[in-house]
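As structure tokens, the structure follows; a few thoughts come after it.
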Amino acid sequence: MYPERLACETIDGKRLVSIGALAARHPMEIYIPGDWLAPNVMSSCETTNLKRTRVALKTADSPKLIEDLANRIQAKIITGEYPPGTRLKQEVLAQEFDVSRTPIREALSRLEAKGIVSQAQRRSAVVRTPSSREITEMYQVRAELEGLAAQLSARWITDQQLVELRTAHDEFVQAVKELRSTRDSEARSKPDPNWFEHAAQRWIDMNARFHKTINDSSNNRYLARTIQDVTSGYARSVLLSSAFGMNSFRIEANISQHERILKALEDREPARARRAMVEHILKASEFVIASFANHVAEA
């Protein structure tokens, strides 16, 4: 069985090999003469990209390390770098994050408990594709949480944040126009999936920026984090699939709903801001759920 980490090093003129391993879930690091090892092991040590200095094995049982890894993996899922269906191999993640496989395994278990990934016995974890029921439930919870965020934001949002929100809305409108233009041009000529996906991605990014600005201006960091957790791993794939079925009526309705939310915040009316946000999320959910179900069925 190979050790968790090999690093070549010269100490007192002797060529030694540092072996980092895990024993009984506790890290350790030992040094042995290089000529004690088989040539293929020394060759592996010599050809790795590890620095020729002492490499301390990161503590596998550190709760902070595991939490950090779980958050970093989750962030990549949220941004779409690891889309639904992606197989997350422990050895690949361990190399990417420069740790052993043990904390990666623990981090993936945490994400599995959140329902973000699934793990079959003796198989790699997979980023989950949500069911229609899960999306429905997510949007119900999201509507209440973001409604509360809008209500609080109407009380706490600063003038500078209002300017940022107006800018985010203007860029969202521009992204919608690009998306609509792309759809119209594709209707007249041979479709270009890559170009449409680029336009849809910009629409998603500007939509996320609009909502994040409101969540951040609620002056409640716990609420903002909870909203992010609720939508983790799902929002981007769900919105991207729905963009393919977005018609002109839906596009215009999306803009009008954002404008009503923005106006309520500018007027600093908490109840109206909350009502506008809840209505926006629930109306969006009706179309998104149907569109996502059709997209999955066709896949």
Side-chain angles (χ1 to χ4, degrees), residues 77-78 80 83-85 115-116 128-151 153 165 168-169 172-173 175-180 182-184 186-187 196-197 199-215 218 223-224 226-265 271-299:
I77 294 173
I78 292 172
I116 297 173
R128 293 187 62 246
T129 299
S131 65
S132 294
R133 176 175 178 174
E134 286 174 318
I135 297 173
T136 300
E137 293 172 348
M138 178 193 73
Y139 267 85
Q140 289 173 341
V141 174
R142 181 185 167 192
E144 294 302 319
L145 292 175
E146 293 207 41
L148 175 58
Q151 178 181 344
S153 179
L165 187 60
H169 175 66
F172 172 76
V173 172
V176 168
K177 289 180 179 178
E178 291 176 7
L179 179 62
R180 183 168 50 194
T182 303
R183 287 178 57 86
D184 292 343
E186 287 187 346
F196 178 80
E197 186 167 339
Q201 192 66 61
R202 177 168 165 73
W203 170 68
I204 291 171
D205 291 341
M206 294 305 101
N207 181 71
R209 181 181 171 189
F210 180 85
H211 285 269
K212 185 177 186 302
T213 301
I214 295 173
N215 297 339
S218 69
L223 176 61
T226 302
I227 292 172
Q228 178 175 303
D229 286 343
V230 167
T231 59
S232 292
Y234 292 169
R236 187 166 294 266
S237 60
V238 169
L239 287 172
L240 185 58
S241 66
S242 68
F244 284 88
M246 189 77 72
N247 57 35
S248 297
F249 173 77
R250 295 286 181 182
I251 289 174
E252 293 300 329
N254 213 232
I255 293 175
S256 297
Q257 290 160 13
H258 275 206
E259 287 176 343
R260 283 196 291 272
I261 295 167
L262 176 57
K263 187 66 167 62
L265 292 174
R272 184 153 64 96
R274 177 171 189 147
R275 189 164 55 249
M277 179 62 81
V278 171
E279 180 183 353
H280 167 57
I281 298 295
L282 292 180
K283 282 188 176 296
S285 72
E286 296 174 1
F287 174 72
V288 167
I289 292 165
S291 178
F292 184 76
N294 291 336
H295 183 67
V296 171
E298 294 170 359

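In this chain, residues are counted from 1 in sequence order. Values below: every heavy atom of this structure, side chains too, minus hydrogens, waters and symmetry copies.
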> Got a salt bridge between Arg274 and Glu146, using NZ or NE/NH1/NH2 to carboxylate O under 4.0 Å?
Replying inline: no
> Looking only at heavy atoms, which two atoms of Ala224 and Asn215 are closest? And how far apart?
Replying inline: CB-O, 4.0 Å
> side chain to side chain contact (heavy atoms under 4.5 Å, CB included) with Lys212: which residues, sequence neighbours excluded?
Replying inline: Asp216
>> Checking His169 now: which residues fulfil side chain to side chain donor-acceptor pair (under 3.5 Å) with it, not counting sequence neighbours?
In response: none
> Roughly how far apart are Ser153 OG and Ile214 CD1, rounded to 0.5 Å?
Replying inline: 6.0 Å
> Considering residues at least two apart in sequence or located in another chain, which fulfil the side chain to side chain contact (heavy atoms under 4.5 Å, CB included) criterion with Ala264?
Replying inline: Arg272, Ala273
>> So, taking the atom named CG in Asp205 and the one named CZ in Arg209, what distance separates them when rounded to the nearest 0.5 Å?
In response: 10.5 Å
> Taking all atoms of both residues into account, what is the closest heavy-atom pair of Ala150 and Met277, and its distance?
Replying inline: CB-CB, 3.9 Å
> Rounded to the nearest 0.5 Å, how far apart are NE2 of His258 and CZ of Phe172?
Replying inline: 4.5 Å
> Does the Arg142 side chain pair with the main chain of Ile227, one donor and one acceptor, at a distance under 3.5 Å?
Replying inline: no
> Does the side chain to side chain contact (heavy atoms under 4.5 Å, CB included) test come out yes or no for Arg260 and Glu279, once each step is laid out?
Replying inline: CA-CA 10 Å; Arg260 283 196 291 272; Glu279 180 183 353; 4.3 Å; yes
>> As an exercise, state the distance from CG of Leu165 to CG of Leu262, rounded to the nearest 0.5 Å.
In response: 5.0 Å
> Looking at residues at least two apart in the chain, or sitting in another chain, which of them share a side chain to side chain donor-acceptor pair (under 3.5 Å) with Glu137?
Replying inline: Arg133
> What's the verdict on side chain to side chain contact (heavy atoms under 4.5 Å, CB included) for Met206 and Val176, showing C-alpha distance, side-chain angles and the deciding distance?
Replying inline: CA-CA 9 Å; Met206 294 305 101; Val176 168; over 6 Å; no
>> Once side chain to side chain donor-acceptor pair (under 3.5 Å) is applied, do any residues pair with Lys263, and if so which ones, sequence neighbours excluded?
In response: Asp267
>> Using side chain to side chain contact (heavy atoms under 4.5 Å, CB included), reason through Arg128 and Ile116 one step at a time and then give a plain yes or no.
In response: CA-CA 6 Å; Arg128 293 187 62 246; Ile116 297 173; over 6 Å; no
> Atom CG of Leu282 and atom OH of Tyr139: how far apart are they, to the nearest 0.5 Å?
Replying inline: 10.5 Å
> Which value, rounded to the nearest 0.5 Å, describes the distance between Glu286 atom CD and Lys283 atom NZ?
Replying inline: 6.0 Å
> For Thr136, which residues count as a side chain to side chain contact (heavy atoms under 4.5 Å, CB included) partner, sequence neighbours excluded?
Replying inline: Gln140, Ile289
